[in-house]
Amino acid sequence: AAGGSLSYEDAVGEALRHSARLKVKKEEIHINEASWRQSLSSLYPTLALNGRLERFANLAGPTGIGTINGQVVGGLQDEWRSSVFVLGEYTLSNWFKKRYESHYYERLTEASIYDSEAEKKKVVLEVTDLYGSLAEGAIRLRYLGQMIDRMKEAVSLRAAAHREGEISHEDLLRAEVQVVDLEKERTEAARQFKETLTRLTLYTGVEYDEDVAVQGLGAAAEVAERPEPERVEQTPEYRAKRKEVEAQQEKGRAARNNLLPDVGVYGRYDFYGRNPEMYDSMKDVDKNSWNAGVYISIPLFDGGLRKWERERAAREIRRQEEALRALRQEKGRDSAGLFVKLRELDRTIAQYRQLLARYEKLLAIASGAAALGGRSRAELLESGKEALAIERDMEVYVNQRAVAVRKYRLETDFASAMGDLDGNGTDRH
């Protein structure tokens, strides 16, 4: 179990190193890269060594002089025959047909890299939400502890006043009920804190002590401008989808050029041996012939295979382009929604600051009145508890704003946001 303190950067770093999802994405990159390298093999010539050993038995009587590969044969001669030939071939048409398929797999490899970045972003966003909830729970627990301490002291003072007959039993019960309510609220907050800590463990793989000190997210940077539409194009999700569109376009070019003829060159060198004995037929292999040439194959009819392949590729391109436009709108809405949330949080925090400033003035007045005997110590403690509740709520909103700012930066400036985290050693998965 990890004790001590826990920071946001530590949580993100452990999550990125531990995430099985990111490891799967990394393997997908390697798989796509292997497919790309495999597709490049079609652009290279092929060279093959072939051989054959067979038993020849003549079942018909001789009808005259016969020849096999230029050698005279005849009679009922049974023999072993062996042949070896080296064949080299280079398909020139692959440069305007298979080359686009190679580009297709290359774009898919690039898309998988950006898709891995998008998955990394998703993990960081999820951990940011979890850590924000954890920090909020720590804030609530800290303030609830202070509020309970004050109310317990107030109850102690009211119990003494009740024994002296200065207040009614009802006033004492009201104070005790407030302590019980606060204890109940702290129990619920502690339960949520432990549950959130357990969920964080699923991301980081680290078991945390229940008393781990959760560091705050700190002061968040100011966000002065609305997100620019061009920012959407820099998100890893958009880049991954755009590479998928480019991949489909390359596949469409490959389907279009597949209607063209196949053209290539070849060369072959033959060795041939024959003998009634199997070993001698293999030993006495002689040079027999060689040939070289150019071939061309023009498709005339294939049942519509190439036509519908091209049609399917065109439809897939249009589908991917529509998906890209939809993604652009979705990411734009996400960024705009976070910006609006930040502005609302700024207004709420400003209102709480004003409210807290007024409570501090009221506490100063109450403290002066208590010093002059105008108010009791118990009443002063209860007023202090209300001020703590206001301060707690303000800190909760400040924490929510810090979470929103980090999510906003991840959505609008992912490279810079991850660069800051990388500086803390979190991008080493």
Side-chain angles (χ1 to χ4, degrees), residues 29-58 65-73 77-110 246-310 312-313:
I29 294 174
H30 294 325
I31 291 171
N32 285 325
E33 185 176 7
S35 298
W36 172 40
R37 300 296 181 184
Q38 180 184 8
S39 67
L40 288 174
S41 63
S42 62
L43 302 180
Y44 296 98
T46 60
L47 185 65
L49 177 66
N50 301 274
R52 175 179 292 182
L53 177 65
E54 61 183 1
R55 173 69 177 175
F56 175 80
N58 195 341
I65 297 176
T67 62
I68 297 178
N69 288 329
Q71 299 188 30
V72 177
V73 298
Q77 182 179 13
D78 296 336
E79 61 187 6
W80 286 91
R81 299 176 180 178
S82 61
S83 63
V84 178
F85 65 92
V86 179
L87 176 64
E89 187 174 3
Y90 188 46
T91 306
L92 299 174
S93 56
N94 283 347
W95 280 98
F96 54 84
K97 297 177 73 172
K98 300 295 185 182
R99 180 163 60 95
Y100 292 108
E101 291 187 9
S102 298
H103 291 169
Y104 166 75
Y105 287 110
E106 183 180 8
R107 298 296 175 268
L108 283 185
T109 302
E110 295 169 350
E246 293 176 3
Q248 289 300 326
Q249 290 171 344
E250 296 291 350
K251 194 171 185 179
R253 295 186 184 98
R256 178 195 64 198
N257 288 1
N258 204 28
L259 296 171
L260 299 175
D262 293 325
V263 181
V265 295
Y266 66 91
R268 173 169 169 164
Y269 206 95
D270 284 287
F271 297 83
Y272 179 76
R274 51 185 290 275
N275 197 286
E277 299 296 329
M278 180 178 69
Y279 176 73
D280 292 334
S281 70
M282 292 187 296
K283 184 179 67 174
D284 299 331
V285 173
D286 298 323
K287 299 177 182 179
N288 181 257
S289 65
W290 68 268
N291 55 76
V294 178
Y295 68 88
I296 182 171
S297 175
I298 301 175
L300 299 178
F301 179 73
D302 59 3
L305 175 66
R306 291 176 175 84
K307 172 189 174 183
W308 290 110
E309 180 185 14
R310 183 178 178 182
R312 185 182 65 180

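Residue indices begin at 1 and follow the sequence shown.
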Compare all side-chain heavy atoms of [X] with those of [Y] and state whether any distance is below 4.5 angstrom.
{"X": "Asn258", "Y": "Glu309", "result": "yes"}
{"X": "Leu260", "Y": "Phe96", "result": "yes"}
{"X": "Leu92", "Y": "Asp262", "result": "no"}
{"X": "Val84", "Y": "Leu49", "result": "yes"}
{"X": "Val265", "Y": "Tyr295", "result": "no"}
{"X": "Trp80", "Y": "Leu53", "result": "yes"}
{"X": "Leu87", "Y": "Leu47", "result": "no"}

Under the ring pair (Phe, Tyr, Trp, His ring centres under 6.0 Å) test, residues paired with Tyr90 that sit two or more places apart: none
How many angstroms lie between [atom1] in [X] and [atom2] in [Y], if you round to the nearest 0.5 Å?
{"X": "Gln38", "Y": "Glu101", "atom1": "CD", "atom2": "CD", "answer": "11.0 Å"}
{"X": "Glu110", "Y": "Ile29", "atom1": "CD", "atom2": "CD1", "answer": "11.5 Å"}
{"X": "Gln249", "Y": "Arg107", "atom1": "CD", "atom2": "CZ", "answer": "10.0 Å"}
{"X": "Ser289", "Y": "Phe85", "atom1": "OG", "atom2": "CZ", "answer": "10.5 Å"}
{"X": "Glu33", "Y": "Glu106", "atom1": "CD", "atom2": "CD", "answer": "10.0 Å"}
{"X": "Leu259", "Y": "Leu305", "atom1": "CG", "atom2": "CG", "answer": "10.0 Å"}

Is the side chain of Asn32 donor-acceptor paired with the backbone N or O of Trp36 at a distance under 3.5 Å, no angle test?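 No; zero donor-acceptor contacts below 3.5 Å.
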Side chain Ser42, main chain Lys98, donor-acceptor under 3.5 Å: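 Flag not set: sc Ser42 to bb Lys98 has no pair under 3.5 Å.
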Check this for me: [X], atom [atom1], are more than 12 non-hydrogen atoms of other residues, nucleotides or ligands nearer than 6.0 Å?
{"X": "Glu89", "atom1": "CD", "value": "yes"}
{"X": "Lys97", "atom1": "NZ", "value": "yes"}
{"X": "Tyr100", "atom1": "OH", "value": "yes"}
{"X": "Arg52", "atom1": "CZ", "value": "no"}

Measure up the Phe271 and Tyr269 rings against each other and bin them: parallel (under 30°), tilted (30 to 60°), perpendicular (over 60°). tilted
Where do Leu43 and Arg99 land on the side chain to side chain contact (heavy atoms under 4.5 Å, CB included) test, with the steps shown first? CA-CA 7 Å; Leu43 302 180; Arg99 180 163 60 95; 4.2 Å; yes
Taking all atoms of both residues into account, what is the closest heavy-atom pair of [X] and [Y], and its distance?
{"X": "Pro299", "Y": "Ser297", "value": "CD-O, 3.7 Å"}
{"X": "Tyr105", "Y": "Ser35", "value": "CD2-CB, 3.7 Å"}
{"X": "Ile296", "Y": "Pro261", "value": "CG1-CB, 4.1 Å"}

For Glu250 and Arg253, run salt bridge (Lys or Arg N to Asp or Glu O under 4.0 Å): C-alpha distance rounded to whole Å, both residues' side-chain angles, the deciding distance at 0.1 Å, then the answer. CA-CA 5 Å; Glu250 296 291 350; Arg253 295 186 184 98; 3.3 Å; yes
Candidate pair Arg81 and Glu79, rule salt bridge (Lys or Arg N to Asp or Glu O under 4.0 Å), full reasoning: CA-CA 6 Å; Arg81 299 176 180 178; Glu79 61 187 6; 3.0 Å; yes
